Amino acid sequence: MKNEGSNTRISELRGIGPARAKAFADIGIETAGDAIRYLPRAYQDRGDVRTLREPGVAADGLPHSFILTVAAEPVARTVRRGMNILKFRAFDESGTAEITYFNQPYLKNTIHTGDTFRFFGKLRLEKSTLKLTSPIIERWQEDVPLRGIVPVYPLGAGLTQKIISRVVTESLALSAAEPMEYLPDAVLRENGLAAERFAIENIHNPQSPGTLASAKKRLTFDELTTIAAAISEAGRVRRTGAVPIGNADLSPLLSRLPYELTGAQARSVSEIAADMGKDAPMNRILTGDVGSGKTICAAAAIFLAVREGHQAALMVPTEILANQHFRELEPLLGGLGYRTALLTGTLTTAQKRTVLSGLANAEIDLVIGTHALLTESVVFSDLALVVTDEQHRFGVLQRAALADKAKSVHTLVMSATPIPRTLSLIAYGDLSLSRIDEMPPGRQKVDTFVVDETYRPRLLTFIQKQASEGHQTYIVCPSVEETKLPAKKKAEEDAEEMTNLSLFALPEEEQPPLKAAVTYAAELADALPDLSVAFVHGKMKSAEKDGVMRRFAAGEIDVLVSTTVIEVGVNVPSATLMIVENAERFGLSQLHQLRGRVGRGDAKSYCILVSDAKGETARRRLDTMKKTSDGFKIAEEDLAIRGPGDFLASGSEVRQSGAAALNLAATCTDPALIEAATTAARTILDSDPTLALPEHATLRERVDRLRLRSANTEN
Ligand code: ADP
Ligand code: MG
């Protein structure tokens, strides 16, 4: 690769020594090409200049620009060791403000009486004095225009906005002469998309809110196309050589159940059996709302495989769930003469060895475990079926990677996330779909309430009432420990918080403080001395976690405080109350999952969402939960408000996706754009299945990068 144009290494740029080059590499920028695809996370509208005394500007809590002239020489003083304050007054035609900087004494050398600057910051009125603290400062000269819309980049350690901005600008210049466009003209025209170069330039240096919007649309489309192509391509991997399962008679299994399958379950099970009867591997997703009874469908598929002497693997995202499935399936299959083993991180080396050899020499028919099952060196004697439960927790890209590993076995994935139709195209690509759209009989609607802190005393009474009737309560908190906001280090970081162009970033609403699970469990135990309160969180040893879950299921624990570890698939029918603290922090689909933990038995169940969030979006989202229990509607609403990030990738995929992957796609709320990108990706792949044509080189490279990233992602 020649070291020129967008291949120029960042370390070649002026002022980038080894330390800075390393800092850039840490955020995924090694070349000019990486830099121009490092997207801002928000924008500051500094071009909209206000005057100090304009009504409202000091009270709206938003940062604004002011062009002010310095009234007198700044005064610097050291208030204590390590704390230096610089103060001066500056004015415009409407009034005067007092401006303060901390620990930037050198500013004294640049700011002098009579100089004019553009300041950008939040203006406050305190005791009739207007104040600006650590505003962004730029020298104002009549004939030198300043940028209006200024990008704010995600920072990495050792980097500042200034240095990133400079590297991006130089990289744009270096790559300016290169041809850049991989989408066919027709696709651009049909979807009203800007050219790629225009989009790249305007995402960094928007000429106006309008050009920024079209840049954003184009780059979102690119990300969606990349994801769609990656998933679609993975789905096209020719999967062959599965073992056909001839006998589809399920009566030996079904006759052992205390209930009849619902119509939807029966239909799904026969679709599964039909797939498994072929030598082309089954590639099916089974979706159904929480509690719709997917497990037994999986058991049916497993039974079909093991009865003919083959092995099956059931993969789940958490150990709690692995244990639960083991407790449910082991007796069921054991009664029919099949052996089930659990393979989790808690096993001792000796136990693990026994399971591994049991799998290798066909002593074990079904193994249940986390996704380490497929990534570790587990050798099967005759694996015919892999079932993945709660697949939405794995992320689609991860799923694609897993599909690669299990090319010649029947695969069934199960998910409780009802994916909106447009998204199912991109997320499930070429999977066949079975849908359980009917609940087992006798299910009750879970009554849902949204309450604030003032309700707390009544909450305690309510918990007590459930316990006195022999029922249990779940309480879910968003995090284990109190999250303290890290102390701000530099004025720049301070100013960074003040991003305001809602065109791009979701407006950040004021967030109420987090309820910490640890202290909360202790407080609760004090407040409810007669009840048994326990606490479970993700950082606990899984044996410990499982012990607590088991005692909760047995009714020995009345109140279970936890982080979201209980979200996935946990089944305790006697639990009737679900309380979610800081409910505004959760995605709607996640809340729907949590709510699905109750209402599983005969008794009336309740879900109480506790939130002090006042923001409109938060209120609207929580109201949706109150109004509907239809998972599909909830998913649509989640998509409309938060974009498809939650559906497309697991959290770690989004976080690790770095410079140019899922950032825009994850917040895209335009289903038409998602659909168009999916279609474009498929059309391109239809004409060029391996993306080998020169005009698809860019797409090829992006798809490979995305793959690489998700392959390195552990959930
Ligand atoms: P999910 O779809 O959320 O995985 P589960 O498979 O855990 O749901 O099933 C939830 C509960 O419903 C379990 O207790 C299960 O035994 C029960 N169940 C499943 N199918 C039926 C049915 N057809 N009739 C009655 N109860 C059922
Ligand atoms: Mg389940």
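In this text the structure is predicted, and so the values were computed from the model without any measurement. Whatever order the structure lists ligands and atoms in, that order sets their numbers, starting from 1.
If you check the side chains of Thr628 and Asp630, you find no donor sitting under 3.5 Å from an acceptor. Donor-acceptor pairing under 3.5 Å is lacking for the side chains of Gln466 and Thr473.
Between Glu271 and Arg284, at least one side-chain nitrogen of the basic residue sits less than 4.0 Å from a carboxylate oxygen of the acidic one, meeting the salt-bridge criterion.
More than 12 heavy atoms of other residues, nucleotides or ligands lie within 6.0 Å of CD in Glu556, so this atom counts as buried by the packing criterion.
Contacts between Thr295 and ligand 1, counted as non-hydrogen atom pairs separated by less than 4.0 Å, involve both the backbone and the side chain. Here Asp389 has no heavy atoms under 4.0 Å from ligand 1, in either its backbone or its side chain. When non-hydrogen atoms are compared, ligand 1 lies under 4.0 Å from the backbone of Glu260 (N, CA, C, O) but not from its side chain. Proximity of Ile436 to ligand 1, defined as any heavy-atom pair under 4.0 Å, is not found for any part of the residue.
Within the listing of ligand 1, atoms 23 (N) sit less than 4.0 angstrom from a heavy atom of Thr262. Listed by number with element, the atoms of ligand 1 under 4.0 angstrom from any heavy atom of Arg600 are 3 (O), 7 (O), 10 (C). Taking every non-hydrogen atom of Leu261 and a distance limit under 4.0 Å, the qualifying atoms of ligand 1 come out as 23 (N). Those atoms of ligand 1 with a heavy atom of Asp289 less than 4.0 angstrom away are 2 (O).
The shortest separation from a heavy atom of Pro573 to ligand 1 is not under 4.0 Å, leaving the residue out of contact. Heavy-atom distances between Ser292 and ligand 1 reach below 4.0 Å in at least one pair.
For the salt bridge (charged side-chain N to carboxylate O under 4.0 Å, His left out) criterion with Asp623, the lone passing option out of Arg621, Lys627, Arg619, Lys626 is Lys626.
Any N or O atom pair closer than 3.5 Å counts here, and Lys294 shares at least one such pair with ligand 1. Considering both main-chain and side-chain atoms, Gly288 never comes within under 3.5 Å of ligand 1 through any nitrogen or oxygen pair.
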*Step-by-step salt bridge (charged side-chain N to carboxylate O under 4.0 Å, His left out) determination, Asp447 to Lys604*: CA-CA 8 Å; Asp447 281 349; Lys604 178 82 207 153; 3.4 Å; yes

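Two rings, from Phe462 and Tyr606, have their centers less than 6.0 Å apart.
Residues Phe326 and Thr340 share a closest heavy-atom pair of CE1-O, 3.5 Å.
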